[in-house]
Amino acid sequence: MIFVLSVVLILYCLAIVFLIYGFTKVNTIDYNGLTPKTKFSIIVPFRHEAENLPVLLDSISKLNYPLELFELILVNDFSEEKFIVPSLKFKVSVIKNIRVSNSPKKDAIVTAMQIVNTNWIITTDADCVVNKNWLLTLDNYIQLHDVAMIAGAVTYDCNNLFLHHFQQLELASLQGATIGSFGIKKGFMCNGANFAYTKSLFQELNGFDGNDGIASGDDVFLLQKATEQFPEKVHYLKSENNIVITKPMNDWKSLFNQRVRWASKTSSYKSTFGKGLALVVFAGNLSLVLAFILLLLGLLSFLNMLLFLILKFLVDTILIYKSQRFLTKTKMSYLIPSSLLYPFFSVSVAMYSLFGKYEWKGRRF
């Protein structure tokens with residue numbers, strides 16, 4: 001049993017090392033000061049976000065980008081509270097979501113597509129804040145590259161709480177894996193809070209056809225369809241000017257439900273690499289959980305357990321550190337306790353996502 005656990009952990013570590021290598025291959029860039037040309041439609045599906053939307057709108061109003069070159073489309077997904085859009089200098093449309101599938105967010109994006117008048121679309125979330133050079137950086141990248149889909153980074157605005165820093169470290173790991181996979185030409189993951197693509201590509205891919213029965217995955221499934229058919233057109237934009245900031249969950253139940261929602265789509269990945277990596281990561285975390293159980297039963301020595309922990313901790317920390325340094329100026333906190341807790345948390349999420357239901361925005365899936 002110890003041999004099996006050792007082999008699994010070695011495979012896990014090799015996979016993370018491969019992603020670290022990929023991370024270093026993706027160059028960090030800034031906008032180059034080119035005259036803006038690209039017209040964007042920013043799509044924001046929302047449900048019960050009356051508190052967050054004013055903050056997002058305020059950040060968009062401060063964008064360093066010509067007002068005539070972008071519009072905002074807010075898609076109301078049956079919110080109970082009313083939200084009145086304040087007077088703004090840029091064009092804002094508020095429309096009602098048209099539900100036709102099991103995925104409210106995909107329906108919202110498809111609904112917005114009916115009134116989009118630009119070729120480039122960006123999706124973000126209602127609880128986000130965007131960088132003032134967000135659109136300018138995207139525009140300059142588009143002008144300089146033959147690209148039809150661009151994935152960008154997302155980070156958290158954390159308070160000094162263990163729960164928040166736990167989420168930030170996990171997100172740094174996910175973002176590091178995302179960037180690393182693009183660096184080795186195996187991009188399979190992105191975040192819908194900072195995701196851009198052309199309307200023509202969306203139409204050519206037949207949108208969300210084939211995965212609209214899955215509640216989440218408006219970002220990942222579309223990305224994987226694009227990388228399968230037009231891999232050279234899909235890029236990752238690694239720039240501090242393009243990072244979107246979002247809010248962490250404020251309680252463990254909400255965090256668990258969110259992560260279950262994220263994990264529930266993994267089994268439906270089209271990317272073989274993505275499925276394989278997810279399996280290796282799950283097995284790596286499960287091996288530590290099993291090792292802990294064996295330690296309690298007296299079937300594993302404390303020294304072996306310590307070696308397993310150190311091995312995994314070292315490779316994880318390198319990836320997290322590189323990603324964290326890119327995503328935020330905030331120092332890493334609670335790294336050791338988070339590393340000890342995370343295998344149990346992630347295994348619980350993965351197992352529950354296979355059999356259980358979760359609640360999100362007042363709905364059960």
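Computed from a prediction, not measured in an experiment: that's the story for all the values here. Each residue takes its place number in the sequence, starting with 1.
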Would you say S323's side chain and I320's backbone share a donor-acceptor pair under 3.5 angstrom?
-> no
Taking NZ, NE, NH1 and NH2 as the nitrogens, is one of them in K199 or E204 under 4.0 Å from a carboxylate oxygen of the other?
-> no
Okay, side chain of K132, backbone of L63: is any donor-acceptor separation there less than 3.5 Å?
-> no
Could you tell me whether N119 atom CG has more than 12 heavy atoms of other residues or ligands within 6.0 Å of it?
-> yes
Taking all non-hydrogen atoms of both residues, which atom of Y236 and which atom of Q175 are closest, and how far apart?
-> OH-OE1, 3.8 Å
Between the main-chain N or O of N76 and the side-chain N or O of R47, is there a donor-acceptor pair closer than 3.5 Å?
-> no
How far does CD1 of I150 sit from CG of N194, to the nearest 0.5 angstrom?
-> 9.5 Å
Is it the case that S41 and T118 place a side-chain donor and acceptor less than 3.5 Å from each other?
-> yes
Just say parallel, tilted or perpendicular for the rings of F23 and F326, cut-offs at 30° and 60°.
-> perpendicular
Using a strict cut-off of less than 4.0 Å between a Lys/Arg side-chain nitrogen and an Asp/Glu carboxylate oxygen, indicate whether K247 and D127 qualify as a salt bridge.
-> no
Picking from N64, N140, D30, N242, what satisfies side chain to side chain donor-acceptor pair (under 3.5 Å) with N133?
-> N64
Does K265 come within less than 4.0 Å of D218, counting only side-chain N to carboxylate O?
-> no
Pair F182 and F188, ring centroids less than 6.0 Å apart = no
Give the C-alpha distance, both sets of side-chain angles, the deciding distance and a yes or no for salt bridge (charged side-chain N to carboxylate O under 4.0 Å, His left out) between K39 and E68.
-> CA-CA 8 Å; K39 291 185 177 181; E68 67 275 11; over 6 Å; no
CG (D77) and CD1 (I98) are apart, to the nearest 0.5 Å, by 12.0 Å
Any chance OH of Y321 has more than 12 other-residue heavy atoms, nucleotides or ligands included, within less than 6.0 Å?
-> no
Return yes if some donor-acceptor pair links the side-chain N/O of N191 with the main-chain N/O of A193 below 3.5 Å, else return no.
-> yes
Where do K225 and N206 come nearest, in terms of heavy atoms and distance?
-> NZ-O, 3.9 Å
Any donor-acceptor pair under 3.5 Å from E71 side chain to K91 backbone = no
Between OG1 on residue T38 and CD on residue Q143, distance to nearest 0.5 Å = 5.5 Å
Could you pull out the closest heavy-atom pair between S101 and D107, with the gap in Å?
-> OG-OD1, 2.8 Å
Parallel, tilted or perpendicular: which fits the ring planes of Y141 and H145, with parallel below 30° and perpendicular above 60°?
-> parallel
Heavy-atom pair with the smallest gap, counting every atom of E240 and K329 | OE2-NZ, 3.8 Å
Mind running side-chain hydrogen bond (donor to acceptor under 3.5 Å, both in side chains) on D157 and H164 for me, showing each step along the way?
-> CA-CA 8 Å; D157 178 19; H164 283 191; over 6 Å; no
Decide if atom NZ of K186 counts as having more than 12 heavy atoms of other residues, nucleotides or ligands within a radius under 6.0 Å.
-> no
Report the distance from atom CG of L74 to atom CZ of F46, rounding to the nearest 0.5 Å.
-> 6.0 Å
Is it true that the side chains of T330 and T328 contain a donor and an acceptor less than 3.5 Å apart?
-> yes
Quick check: does any side chain N or O of Q167 sit under 3.5 Å from a backbone N or O of M249, one acting as donor and the other as acceptor?
-> yes
Crowding at CZ, F230 (>12 non-hydrogen neighbours, <6.0 Å) = yes
K270 backbone acceptor or donor facing Q224 side chain under 3.5 Å | yes
Residues P45 and A108: closest non-hydrogen pair is CB-CB, 3.6 Å
At what distance, to the nearest 0.5 angstrom, does CD1 of I243 lie from SG of C128?
-> 13.0 Å
List the steps, then state whether salt bridge (charged side-chain N to carboxylate O under 4.0 Å, His left out) holds for K37 with D139.
-> CA-CA 7 Å; K37 295 180 179 180; D139 164 80; over 6 Å; no
Can V130 be reached from L237 by stepping across I, L, V, M, F, W or Y side chains whose heavy atoms are under 4.5 Å apart?
-> yes
In Å and rounded to the nearest 0.5 Å, what is the CD1 to OG1 distance from I179 to T24?
-> 11.5 Å
Shortest non-hydrogen contact between S61 and D58, atoms and distance | OG-O, 2.5 Å
Should we say atom CZ of F292 is surrounded by more than 12 heavy atoms from elsewhere, each under 6.0 Å from it?
-> no
Mind telling me whether Y334 and H165 have parallel, tilted or perpendicular rings, with 30° and 60° as the class edges?
-> tilted
According to a 4.5 Å side-chain heavy-atom criterion applied to Ile, Leu, Val, Met, Phe, Trp and Tyr, with indirect links allowed, do L306 and L294 form part of one hydrophobic cluster?
-> yes
Can you hop from V129 to L53 via hydrophobic side chains spaced under 4.5 Å?
-> no
Kindly assign one of parallel, tilted or perpendicular to the pair F162 and F166, based on the angle between their ring planes and the thresholds 30° and 60°.
-> tilted
If two hydrophobic side chains count as joined below 4.5 Å and joins carry through other members, does L290 share a cluster with L297?
-> yes
Tell me yes or no: between the side chains of Y269 and N211, is some donor less than 3.5 Å from an acceptor?
-> no
Would you kindly say whether N257 and S254 are connected by a side-chain donor-acceptor distance under 3.5 Å?
-> no
Between Q229 and L205, is a side chain to side chain contact (heavy atoms under 4.5 Å, CB included) present by the stated rule, with each step listed?
-> CA-CA 8 Å; Q229 298 183 42; L205 296 172; 3.7 Å; yes
When the aromatic ring centroids of F70 and F90 are compared, is their separation below 6.0 Å?
-> yes
Flag yes if L286 and L300 sit in one hydrophobic cluster, no otherwise; membership is Ile, Leu, Val, Met, Phe, Trp, Tyr, and two members link when side-chain heavy atoms are under 4.5 Å apart.
-> yes
Can you establish whether the number of heavy atoms outside I336 located under 6.0 Å from its atom CD1 is more than 12?
-> no
